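Here's the structure we're looking at; comments come further down.
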4 protein chains.
Amino acid sequence: MSSNRQREILHAAVKLFEQKGYQATSVQDIADAVGLQKGSLYHYIQSKEELLMQIADAAIRQFNEQLQEILARPMTAQEKLAAMIRMHVQTSIENLETTTVLWREAFSLGEAPQGVIQKMTDTYLDLVTQILNEGSENGEFQVHHPRVTALAILGACNWVYRWYRPSGSMNANDVAHTFSKLFLDGLLTTH
Amino acid sequence: MSSNRQREILHAAVKLFEQKGYQATSVQDIADAVGLQKGSLYHYIQSKEELLMQIADAAIRQFNEQLQEILARPMTAQEKLAAMIRMHVQTSIENLETTTVLWREAFSLGEAPQGVIQKMTDTYLDLVTQILNEGSENGEFQVHHPRVTALAILGACNWVYRWYRPSGSMNANDVAHTFSKLFLDGLLTTH
Amino acid sequence: MSSNRQREILHAAVKLFEQKGYQATSVQDIADAVGLQKGSLYHYIQSKEELLMQIADAAIRQFNEQLQEILARPMTAQEKLAAMIRMHVQTSIENLETTTVLWREAFSLGEAPQGVIQKMTDTYLDLVTQILNEGSENGEFQVHHPRVTALAILGACNWVYRWYRPSGSMNANDVAHTFSKLFLDGLLTTH
Amino acid sequence: MSSNRQREILHAAVKLFEQKGYQATSVQDIADAVGLQKGSLYHYIQSKEELLMQIADAAIRQFNEQLQEILARPMTAQEKLAAMIRMHVQTSIENLETTTVLWREAFSLGEAPQGVIQKMTDTYLDLVTQILNEGSENGEFQVHHPRVTALAILGACNWVYRWYRPSGSMNANDVAHTFSKLFLDGLLTTH
DNA sequence: TATGAATGAGGGTTCATTCAT
DNA sequence: CATGAATGAACCCTCATTCAT
């Protein structure tokens, strides 16, 4: 179904969308990157927007699937949260280009496809909130406002694409560890 | 200097850039919004990009100035951090459109203006990091990695524009309070 | 009639038309050069095209008037031709900007004003041809085809604006002398 | 490489640039002339300016190449000069539109492309000057100032596009002959 | 006299997409 | 499968000119 060429094109699109932005990337740019003529691209894609949609969909889908797996494992809430953070940061960093496109460019999608992405993002938020509620209920966590707390954690994680550089001294584990400590223990020394 | 019309135009641009995105907003759209001919706009602006730059510049500048004020006040580190979070969330929410344009659209700027914005954003990060270092040094905080921690806090705060809706039940204070509790106390009940 | 301001404007226009060309010079450029607003210029001029017309008209008119004077003087044909060449080269060089505008930019005029300039140019050609005919009739000259010969002489003279630089080592007299020798004596040593 | 359409477009551009001038000719005009949409032109050209450059470049190049050929032939200086004049006048007249664009419109080019044309024009001048020097050295010519003399001859020849009309009674040979006589023998009967 | 806001038409260029070959 | 010609709408921006103040 998804031929080599199609994967090539998708990959080129990710790279270009990340570098120049979706709108600033022309179909010609993508064609050049895979060594095809502009017109020939349309044997493989339906539209430029569909390309963006595929990238964003695959990206958010991966986050969701991995989180589902974590939730299915028998762990305490705090272990689940730490695992979620590690997974999220790691995935973001390992697929920095894709993640960038997801969070920065998906806004350029039309209403309908954007709604699809939004729905999956909402689901993801629900799952994270669920971890917090679980910890709250079993006494592990004190959560002031689960949904907003989940949004805070997700905000921190999803902001990573904006500052993380592979050339820097930190790896994904370092970042995840710092995040986990912050969210679980807080900053204060006096508890 | 900044006439009524200029402010009108800026305001219309903020609104349109927030609604449709910078690239999808045409100069014609802005002209229509203020009741001018397309060409007439150019009595007030130099270019569409300059308009975006002005918006982004004013936005990040306001964040910086307010944070400077907070830092100048005689408070403990944890008070400063709470104040910073409250200010940041409140400003983001009160100027939701402007903030959205700042974080979502500034990427469309050319290299040079984007660099200016980036520099101010970096300064802001430095100031927040400074609060953490201060708290760390005087024993108030235990900070695993100050810079990454600052980025986590900023990520959470800057993500607000993506989910906050004025029509919802939460106000800025509610959000800020939840954020502060999370970052200061952490989630764990067992300390 | 022609106030100081009007002369100022004309002068600025000549300078700008010479430097950037008529079409590439905006009314704003001229306004800037004289320290007025674009709109204020129209108290002094009727249109940008009229400015060009005035410059071209004055330029060709001066050539014609000076040639008339020469023709009225009691001289041999060869003296008249030499005088004409000296006058033409000198005037071209002394008013290099104006002359440049005349020959290079007048084409941008509309049909009617261009016709006026053309008529005066034709008259000038007639007067030069007349010198040649005079010399031919009285035996001073051997002229193969008076009109074409006149056009050759005028071509040489009118080309001067394209290569003459005041910073060079030649002055108008040097050029005129070389031209006269060429046209009167020819290049051949064997006569 | 240069398809039919490309030649068609070039030809239409020459015609329009000659008739209306480069600046007054819109891309729309050219598109209309070849029966394409404005945007479709850009499959064949890079820009309007590039079109002008191509025309001017080809024109001056042809003059240079033909002069090189003449210089390579074993002839006396006076024969070379006569041949140069004949070639120049003939080429100018046979390609009257192209020649007109070269001398009248190339000024509208940007600095860089204009410099390229200028360099080739300078080379041409050098070659003509070389003929004069040759004749001067071998005693055929008496040349007062070789470079200025060459400029006079070129001025006369390059002015042709401004007055020659194919509908007139003169052909290229007539003009060339008159020019040659003038430059070689001069006007005076008394030598 | 001088301003500067406003016009309105036009400028060159880009681009996602289609389609006959 | 691949091409590349063609579309047609939209893009940002410029500019000579007018006119109320």
Side-chain angles (χ1 to χ4, degrees), chain A residues 3-6 22-31 34-52 108, chain B residues 3-6 8-9 22-31 34-52 108, chain C residues 3-6 22-31 34-52 108, chain D residues 3-6 8-9 22-31 34-52 108:
Chain A
S3 68
N4 254 8
R5 264 284 160 81
Q6 252 164 338
Y22 169 73
Q23 313 245 25
T25 299
S26 70
V27 171
Q28 184 69 70
D29 290 334
I30 303 172
V34 298
L36 278 177
Q37 294 300 330
K38 216 183 353 174
S40 311
L41 263 193
Y42 283 82
H43 287 290
Y44 301 97
I45 68 172
Q46 283 191 331
S47 69
K48 187 183 158 192
E49 191 185 8
E50 184 229 359
L51 260 180
L52 175 56
S108 289
Chain B
S3 68
N4 258 8
R5 264 285 156 81
Q6 246 162 344
E8 244 184 294
I9 291 168
Y22 169 74
Q23 314 243 26
T25 300
S26 71
V27 171
Q28 184 64 253
D29 290 334
I30 304 171
V34 298
L36 278 178
Q37 295 290 110
K38 208 174 19 166
S40 308
L41 266 193
Y42 287 82
H43 279 283
Y44 301 97
I45 68 171
Q46 283 193 327
S47 69
K48 189 186 159 192
E49 191 185 8
E50 183 229 2
L51 216 38
L52 175 55
S108 289
Chain C
S3 69
N4 255 8
R5 264 284 159 80
Q6 252 163 338
Y22 170 74
Q23 312 245 26
T25 299
S26 70
V27 171
Q28 184 69 68
D29 289 335
I30 303 172
V34 298
L36 279 177
Q37 295 299 330
K38 217 184 350 177
S40 311
L41 222 49
Y42 283 83
H43 288 288
Y44 301 97
I45 67 171
Q46 284 191 330
S47 69
K48 187 184 157 192
E49 192 185 8
E50 183 228 358
L51 260 180
L52 175 55
S108 289
Chain D
S3 69
N4 257 7
R5 263 285 157 81
Q6 246 162 343
E8 243 186 293
I9 291 168
Y22 170 74
Q23 313 244 26
T25 299
S26 72
V27 171
Q28 184 65 254
D29 290 333
I30 303 172
V34 297
L36 279 177
Q37 294 289 109
K38 204 172 27 160
S40 308
L41 265 193
Y42 285 82
H43 278 284
Y44 302 97
I45 68 171
Q46 283 194 328
S47 69
K48 188 187 161 192
E49 191 186 7
E50 183 229 0
L51 217 38
L52 175 55
S108 289

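Keep in mind that this is a model prediction, so the values were computed, not measured.
- Along DNA chain F, the nucleotide nearest to Lys38(C) and the one nearest to His43(C) differ in position, and the one closer to the 5' end is contacted by Lys38(C).
- Taking atom CG of Asp29(A) as the reference point, atom C1' of dT14(E) lies 12 Å away to the nearest angstrom.
- Of the residues near DNA chain F, Leu41(A) and Tyr44(D), the one whose nearest nucleotide (by heavy atom distance) lies more toward the 5' end is Leu41(A).
- A 4.5 Å side-chain heavy-atom check between Leu36(B) and Arg5(B) finds at least one atom pair inside the cut-off.
- Here the side chain of Leu36(A) is nearest to one of dT3(E), dC13(F), dT3(F), namely dT3(F).
- The residue Ser40(B) sits close to a base: some heavy atom pair falls under 4.0 Å.
- When both distances must be under 3.5 Å, the Watson-Crick or G-U wobble mate of dT14(F) is dA9(E).
- The CD-P distance, from Glu49(B) to dC13(F), rounds to 9 Å in whole Å.
- For Gln37(C), a side-chain nitrogen or oxygen approaches OP1 or OP2 of dG4(E) to under 4.0 Å.
- Without hydrogens or angle criteria, Lys38(A) side chain to Ser26(A) main chain gives no donor-acceptor distance under 3.5 Å.
- Between Arg5(D) and dG4(F) there is no side-chain N or O to OP1 or OP2 distance below 4.0 Å.
- When both distances must be under 3.5 Å, the Watson-Crick or G-U wobble mate of dT21(E) is dA2(F).
- In this model, the phosphate group of dT17(F) is approached by a side-chain N or O of Tyr42(C) to a distance below 4.0 Å at OP1 or OP2.
- Minimum atom distance to the side chain of Ser47(A) is reached by dT17(E), of the listed dT17(E), dG11(E), dC12(F).
- The side-chain heavy atoms of Leu51(C) and Ile30(C), taken from C-beta on, include a pair separated by under 4.5 Å.
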